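The block underneath contains the structure these notes are about, expressed in structure tokens.
Owing to the predicted nature of the structure, the values given are computational and were not obtained by experimental measurement. The sequence lines fix the lettering, A, B, ..., with proteins before strands; numbering per chain opens at 1.
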Protein chains: 2
Amino acid sequence: MTLNKPTPDCCVDFAFQRIGGKYKGRIMYSIHTHGVSRYGQLKKLIAGITPKMLTQTLRELENDKLIHRKVYTEVPPKVEYTLTESGQKLIPFIEYLKEWVEELVSSNPDHELYKHHELYGR
Amino acid sequence: MTLNKPTPDCCVDFAFQRIGGKYKGRIMYSIHTHGVSRYGQLKKLIAGITPKMLTQTLRELENDKLIHRKVYTEVPPKVEYTLTESGQKLIPFIEYLKEWVEELVSSNPDHELYKHHELYGR
DNA sequence: CTGGATCCCTTGCGATACTG
DNA sequence: CAGTATCGCAAGGGATCCAG
């Protein structure tokens, strides 16, 4: 018996479980644009995230092998996060999303997105 | 004052609110591959969805102008769903996800994804 | 500095029954 | 055929405090 390809339905479900959460996309994109990142650095970059959610989301991404976690056993503690190869392959996809939103907004300057400009540094 | 672009953070959040739910991707992809679709047709295509979730998700997609809903005032009732132009622009993005998952799985035949084959018609 | 533990609330989603 | 209505659970996420 040979393996069939998973169905599109199946793939979409699967992928969204990996990148669906509230912060997963933002964290991965942040690591991408800023390169190797440390915990405290990400906490500043991801506006509004709590330590709990940051830790939890980083662990999930690590379990799914989208990021890699490197611990330096020294005092004070130091941990570095990088994108794995698999994680890097999701970046163009996030870029695409970004362009889609930009286009949507530029064609409508009154867009609700701008209601949140104080949060996002317009 | 001129409008700046929304930040990447902002865009990722925004996009995921639009396409993040459990069924949004699957519904849009289904309308894409099968063309103009009716309610009952989608209910068969989207395995496991309840009428409540189907209706709710369709309404959200409609509000976000990703799909269009056309009602025929006749007996028996008939409603047709199509992708809007904005909605169609998200399809390549779903395709990309699909390829990402296929690649992930093909390099690992024991992948957990296959645990669900009875659901997805392997 | 990089988290873990706990409490609590909201939202998403499922199950079931009913309707113009 | 194309939905609505109601109930209820479970997961996601926020706030706060604690720790090696």
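Not one N or O on the side chain of Tyr96(B) forms a donor-acceptor pair closer than 3.5 Å with the backbone of Pro92(A). Judged by distance alone, with hydrogens and angles left aside, the side-chain atoms of Arg18(B) form no donor-acceptor pair with the main-chain N or O of Glu60(B) at under 3.5 Å. The main-chain N or O of Arg38(A) is found under 3.5 Å from a side-chain atom of Gln41(A) such that the two form a donor-acceptor pair.
Between the C1' atom of dA2(D) and the CD1 atom of Ile27(B) lies a distance of 14 Å, rounded to the nearest Å. Atom CD of Gln41(B) and atom P of dA2(D) are 9 Å apart (whole Å). In this structure, CD1 of Ile46(B) is placed 14 Å from P of dC13(C), rounded to the nearest angstrom. Separating the CG atom of Leu42(B) from the C1' atom of dA2(D) is a distance of 11 Å, rounded to the nearest angstrom. Separating the NZ atom of Lys70(B) from the C1' atom of dC1(D) is a distance of 18 Å, rounded to the nearest angstrom. Between the C1' atom of dT2(C) and the CD atom of Glu74(A) lies a distance of 12 Å, rounded to the nearest Å. Nucleotide dC13(C) holds its P atom 11 Å from the CD atom of Gln17(A), rounded to whole Å. To the nearest angstrom, C1' of dG3(C) lies 10 Å from CG of Leu58(A).
If you check every strand for non-hydrogen atoms under 4.0 Å, Tyr81(B) touches sugar and phosphate atoms only.
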For nucleotides 6-20 of chain D, read 5' to 3', which letter fits each nucleotide if B means a protein heavy atom sits under 4.0 Å from the base, S means only the sugar-phosphate is that close, and - means neither? BB-----BBB----B
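Using a 4.5 Å heavy-atom cutoff, the side chains of Lys24(A) and Leu61(A) are in contact. Between Thr84(A) and Gln88(A), the closest side-chain pair of non-hydrogen atoms is not below 4.5 Å.
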Leu54(B) vs Tyr23(B), side chain to side chain contact (heavy atoms under 4.5 Å, CB included): CA-CA, chis, key distance, verdict: CA-CA 8 Å; Leu54(B) 180 54; Tyr23(B) 298 105; over 6 Å; no
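For CD of Glu74(B), the number of neighbouring non-hydrogen atoms (other residues, nucleotides, ligands) closer than 6.0 Å is greater than 12.
One finds no side-chain N or O of Tyr39(B) lying less than 4.0 angstrom from the OP1 or OP2 phosphate oxygen of dT4(D). For Arg38(B) and dC1(D), the shortest distance from a side-chain N or O to OP1 or OP2 is not below 4.0 Å. Distances shorter than 4.0 Å separate none of the side-chain N or O atoms of Arg69(A) from OP1 or OP2 on dT2(C). Within the 4.0 Å cut-off from OP1 or OP2 of dT4(D), at least one side-chain nitrogen or oxygen of Arg59(B) is found.
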